[in-house]
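Take a look at the structure set out below.
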2 protein chains.
Amino acid sequence: MLENKVRELRARFKMTQSDLAKKVGISRQTIGLIEKGDYAPSVLLALKIAQAFETTVEDVFYIK
Amino acid sequence: MLENKVRELRARFKMTQSDLAKKVGISRQTIGLIEKGDYAPSVLLALKIAQAFETTVEDVFYIK
DNA sequence: ACAAAATGACAACAATAGTTTACATTTTGT
DNA sequence: ACAAAATGTAAACTATTGTTGTCATTTTGT
């Protein structure tokens, strides 16, 4: 399955779900669902999230 | 918007759309649509495509 | 030139991503 | 302890991703 480090990275950057949501242009709830692992975002959103954390998509999202 | 190098990479690896589709587990038509730039795949599929070309998501898909 | 393989394109559809609204629960700061 | 901020969750919904089937067109190999 697909897993991700969004929650850890967000903590490291001291951002709330709302902060991140605003930064990448989606809703707070969607960030929550992604963190929960409920679904795989589009690659466009994944790229924006990785950029928000100054890292790569592979570093944030990975197949396990 | 989102652009990608799937067509070039696929040529470099001498794969047909069907080859790549089979390798990443989707239909041939979907590869065609992605190459055409019609839509952004899920990050899961993007990861698989990048892996098929032995490279990163950022190298294959980029915001322009 | 010819046949086979590869690609383009479209429609109708199924599955999943992502939205808004709303409310409950948990965490944080003073 | 209290209020405010942050998070969890759910329903109903819209938008987009991805499917299968079909046929036309283009490319490739002999």
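Residue numbers start from 1 in every chain, and the chains themselves are labelled A, B, ... in the order their sequence lines are given, proteins ahead of strands. These numbers come from the heavy atoms of this one structure, side chains and all, not from hydrogens, waters or symmetry mates.
Between K36(B) and dG8(C) there is no side-chain N or O to OP1 or OP2 distance below 4.0 Å. The shortest distance between the side-chain N/O atoms of S42(B) and the OP1/OP2 oxygens of dT17(D) is not below 4.0 Å. Remark: R7(B) is in phosphate contact with dG8(C), judged by side-chain N or O atoms under 4.0 Å from OP1 or OP2. When the side-chain nitrogen and oxygen atoms of S18(A) are compared with OP1 and OP2 of dT7(D), none of them lie within a distance under 4.0 Å. In this model, the phosphate group of dT7(C) is approached by a side-chain N or O of R10(B) to a distance below 4.0 Å at OP1 or OP2.
Between M15(A) atom CE and dT27(C) atom C1' the separation is 19 Å, expressed in whole Å. The NZ atom of K14(B) sits 14 Å away from the P atom of dA6(C) (whole-angstrom rounding). Rounded to an integer number of Å, the gap from E35(B) CD to dG18(D) C1' is 15 Å. Atom-to-atom, CG of D38(A) to P of dA10(D) comes out at 9 Å; the value is rounded to the nearest Å. For I34(A) and dT7(D), the CD1 to P distance is 14 Å, given to the nearest whole Å. Rounded to a whole Å, the CD1 atom of I49(B) is 12 Å from the C1' atom of dG18(D). The CZ atom of R28(A) sits 11 Å away from the C1' atom of dT21(C) (whole-angstrom rounding). Computed from coordinates, the Q17(A) CD to dT20(C) C1' distance equals 16 Å when rounded to whole Å.
Taking the side chain as every heavy atom from C-beta outward, R10(A) and E35(A) approach each other to under 4.5 Å. Side chains of K5(B) and Y62(B) form a contact here, defined as non-hydrogen atoms less than 4.5 Å apart. The closest side-chain heavy-atom distance from N4(A) to I49(A) is not below 4.5 Å. Annotation: side chain of E58(B) is in contact with side chain of E58(A) (closest heavy-atom distance under 4.5 Å).
Between its opening and closing five pairs, the helix from dA1(C)-dT30(D) to dT30(C)-dA1(D) changes axis direction by 70°, a value rounded to 10 degrees.
Taking each heavy atom of A46(B) and V43(A) in turn, the nearest pair found is CB-CG2, 3.4 Å. Across all non-hydrogen atoms, the minimal contact from F13(A) to F53(A) is CZ-O, 3.5 Å. Of all non-hydrogen atoms in V60(B) and L9(B), the two that sit nearest each other are CG2-CD1, 3.7 Å.
Counting any heavy atom pair closer than 4.0 Å across all strands shown, T30(B) reaches a base atom.
Among the nucleotides dT17(D), dT7(D), dA6(C), the one closest to the side chain of T16(A) is dT7(D).
In terms of position along DNA chain C, the nucleotide closest to Q29(B) lies nearer the 5' end than the nucleotide closest to the other residue of the pair S27(A) and Q29(B).
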